[in-house]
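If you read the sequence from its start, that first residue is 1, and numbering goes on from there.
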Amino acid sequence: MKTDLLSNFDISEAAVESFVSDTLKGADDGELYLEYSQSESLTFDNGRLKGGSFNTDQGFGLRAVAGEAVGYAHSGEMSEGALKRAGEAVTAVTRGYSGSYAAAPARTNSRRYGDENPIGAPSFEEKVTLLTEIDSYLRAADPKVRQVTASIAASWETIEIIRADGSRMRDIRPMTRMNFSVVTGEGTKQESGSYGFGGRKPFSEILTEESWKSGADEALRQALVNLSADDAPAGAMDVVLGNGWPGVMLHEAVGHGLEGDFNRKKTSAFAGLMGEMVAAPGVTVVDDGTIDGARGSITIDDEGTAAGYNVLIEDGRLVGYMQDRQNARLMGMKATGNGRRQSYAHVPMPRMTNTYMLSGDKTAEEIIASVKKGLYAVSFGGGQVDITSGKFVFSCTEAYMIENGRIGRPVKGAMLIGNGPDAMKRITMVGNDTKLDTGIGNCGKGGQWVPVGVGQPHLRMNDVTVGGTRT
């Protein structure tokens, strides 16, 4: 395991620090970002081990920021020559520019997770044995089971940030995850269900028999529900959203629109609305990177800023954006600990961590009972969102009709269609049961992927457009 990344260069640490200081003269900001990472994954499908990978990577990214311009170069070669070539590339943005180098981020003594490396423990043989046991367990659970897929994945990375002012910051980031997918069938009809969990925690916390059996049972339950489901009707109706993972719709339809770069460039549906009502009263949305062990949590972001608890919408009013250092400076705001990047080969940008809605005062039972006829959306699959317009389409992977305040028959093929800002104003009841998802979220933006968390309480939304398959 490598934690002192600066020692990987073929020149002294003092020489690297001097190079960074000289290269970033005249820049507004920038850093040398170092990374060492390991990752592994195993996939057991249809009764056999179908895939396995193990990867080790290391490298650096050098960035110079001058106004709105960014010079960036990266390399997997930790050498003086590679550093010099990177320096020649990034200083193109500072030639003829005279900036004032920004102050370093404030240091933090907080840690949001341990530094134990999950790679290699349990052993490869033990993981394969467990995946085989999961396959057998699910196939024996119900004769309708036709296919089982189970996977285990882990990563461990060390990052170090060296700034021109001599400050250095470091973080060690573990991650584990387990996923299940089950296909059930009767005759020519078949449906699937899935479930996953994980976070920044060791395998010892997620590979317990109680945990994997609970996850496997949930994937099977969803598949059996969908097997018995009717085609969903289409039209405008009241919708109740479940708590937890359905927060992915909030993440996509609203969260991205509250990232600083989209608002600075005025390409967000929320641009220019600071201080205005953008959601129904009672709706409060936060981005919180400080939750211990959560998938989206970070001790520091990829610029060195400590993770924060950032209120974005408060009682329906827009009060904040998620910011990296560059956008915060250009917008006259404070960096919020949301400057994230996929790896050393990518520039940082404003990204979410764990984004969720706070609880209200209604029980889930009260919310469901208030709906005469509508849809209860328990879980979501894929979706599409246009950041500029706010328009979205999300498919439900588990949903039920509500009839006279009671949960009725399951339905399949339901899609929620709408506009993020408009949908936020259609919320009429907020549950008292906020929870995060189980640790499975990945977020894409600008060709980069980072782990995130989502969450919300039960919600009632009035007069939502539902796409269905019932003819």
Looking only at heavy atoms, which two atoms of [X] and [Y] are closest? And how far apart?
X: G431; Y: P457; result: O-CB, 3.3 Å
X: C396; Y: A399; result: CB-CB, 4.1 Å
X: A253; Y: F392; result: CB-CD2, 3.6 Å
X: P350; Y: G260; result: CB-N, 3.9 Å
X: S395; Y: M415; result: CA-CG, 4.1 Å
X: A64; Y: T94; result: CB-CG2, 4.3 Å

D292 and Y113: CA distance, side-chain angles, deciding distance, side-chain contact (heavy atoms from CB on, under 4.5 Å) verdict: CA-CA 6 Å; D292 289 350; Y113 31 78; over 6 Å; no

Within the structure provided, determine whether [X] and [Y] are in side-chain contact (heavy-atom separation under 4.5 Å).
X: Q456; Y: P246; value: yes
X: F54; Y: I119; value: yes
X: F124; Y: L42; value: yes
X: E35; Y: E157; value: yes
X: L436; Y: I291; value: yes
X: R163; Y: V20; value: no
X: S155; Y: E40; value: no
X: Q38; Y: N55; value: no

For the side chain of [X] and the backbone of [Y], is there at least one donor-acceptor N/O pair under 3.5 Å apart?
X: D386; Y: S389; result: yes
X: Q326; Y: G67; result: yes
X: Y356; Y: V285; result: no
X: E218; Y: G196; result: no
X: E17; Y: G166; result: no
X: S79; Y: A82; result: yes
X: T355; Y: H251; result: no
X: T208; Y: S204; result: no
X: T129; Y: E125; result: yes
X: S214; Y: E210; result: no

For side-chain contact (heavy atoms from CB on, under 4.5 Å), just list the numbers for T158 and L5, CA-CA rounded to whole Å, side-chain angles, deciding distance to a tenth of an Å, and then say yes or no. CA-CA 8 Å; T158 300; L5 303 187; 4.1 Å; yes

Return the [atom1] to [atom2] distance between [X] and [Y], rounded to the nearest 0.5 Å.
X: Q342; Y: R340; atom1: CD; atom2: CZ; answer: 11.0 Å
X: R200; Y: R177; atom1: CZ; atom2: CZ; answer: 13.0 Å
X: L312; Y: N310; atom1: CG; atom2: CG; answer: 6.5 Å
X: R112; Y: I298; atom1: CZ; atom2: CD1; answer: 10.0 Å
X: D287; Y: E259; atom1: CG; atom2: CD; answer: 8.5 Å
X: R170; Y: L34; atom1: CZ; atom2: CG; answer: 9.5 Å

Residue K50 excluded, over 12 heavy atoms near NZ under 6.0 Å: yes

Sidechain N-carboxylate O distance under 4.0 Å for [X], [Y]:
X: K445; Y: D261; answer: yes
X: E314; Y: R317; answer: no
X: E398; Y: R221; answer: yes
X: R139; Y: D135; answer: yes
X: R173; Y: D302; answer: yes
X: E31; Y: R63; answer: yes
X: R168; Y: E160; answer: yes
X: E88; Y: K84; answer: no
X: R264; Y: E68; answer: yes
X: R111; Y: D171; answer: yes

Polar contact flag, side-chain donor to acceptor under 3.5 angstrom, Y195-D217: no

Taking the six-membered ring of Y101 as reference, does the cationic atom of K25 (NZ for Lys, CZ for Arg) lie under 6.0 Å from its centre and within 45° of its axis?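 K25 over Y101 ring: no.
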
Taking the six-membered ring of Y33 (Phe, Tyr or Trp), confirm whether the NZ or CZ of R341 is under 6.0 Å from its centre and within 45° of its axis. yes

As a quick check of understanding, evaluate side-chain hydrogen bond (donor to acceptor under 3.5 Å, both in side chains) for S75 and E77, giving each step before the final call. CA-CA 5 Å; S75 176; E77 178 187 331; 4.9 Å; no

Do the ring planes of W156 and Y36 sit parallel (below 30°), tilted (30 to 60°) or perpendicular (above 60°)?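 W156 vs Y36 ring planes: perpendicular.
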
Give the intermediate values and the outcome of salt bridge (charged side-chain N to carboxylate O under 4.0 Å, His left out) for residues R325 and D301. CA-CA 10 Å; R325 287 171 63 86; D301 71 7; over 6 Å; no

Partner residues of T149 under the side-chain contact (heavy atoms from CB on, under 4.5 Å) criterion, sequence neighbours left out: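 T149 satisfies side-chain contact (heavy atoms from CB on, under 4.5 Å) with T43, D45, Q147, S181 once adjacent residues are dropped.
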
Take L130 and L207 through the side-chain contact (heavy atoms from CB on, under 4.5 Å) test and state the conclusion after the steps. CA-CA 9 Å; L130 175 58; L207 295 187; 4.0 Å; yes

Quick one, T397 with S379, criterion side-chain hydrogen bond (donor to acceptor under 3.5 Å, both in side chains). Give me CA distance, side-chain angles, the key distance, then yes/no. CA-CA 5 Å; T397 53; S379 186; 3.2 Å; yes

Which of these passes side-chain hydrogen bond (donor to acceptor under 3.5 Å, both in side chains) with R295: T353, D437, N442, T438?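 Among T353, D437, N442, T438, the one meeting side-chain hydrogen bond (donor to acceptor under 3.5 Å, both in side chains) with R295 is N442.
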
Stepwise, does the side-chain contact (heavy atoms from CB on, under 4.5 Å) test hold for M274 with N263? CA-CA 10 Å; M274 186 64 71; N263 287 277; over 6 Å; no

Sole residue of L241, T284, L459 in side chain to side chain contact (heavy atoms under 4.5 Å, CB included) with M357: L459

Aromatic centroids of F180 and W212 separated by under 6.0 Å: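 No, the ring of W212 stays outside the 6.0 Å limit from the ring of F180, centre to centre.
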
Taking the six-membered ring for Trp, are F60 and F9 closer than 6.0 Å centroid to centroid? yes

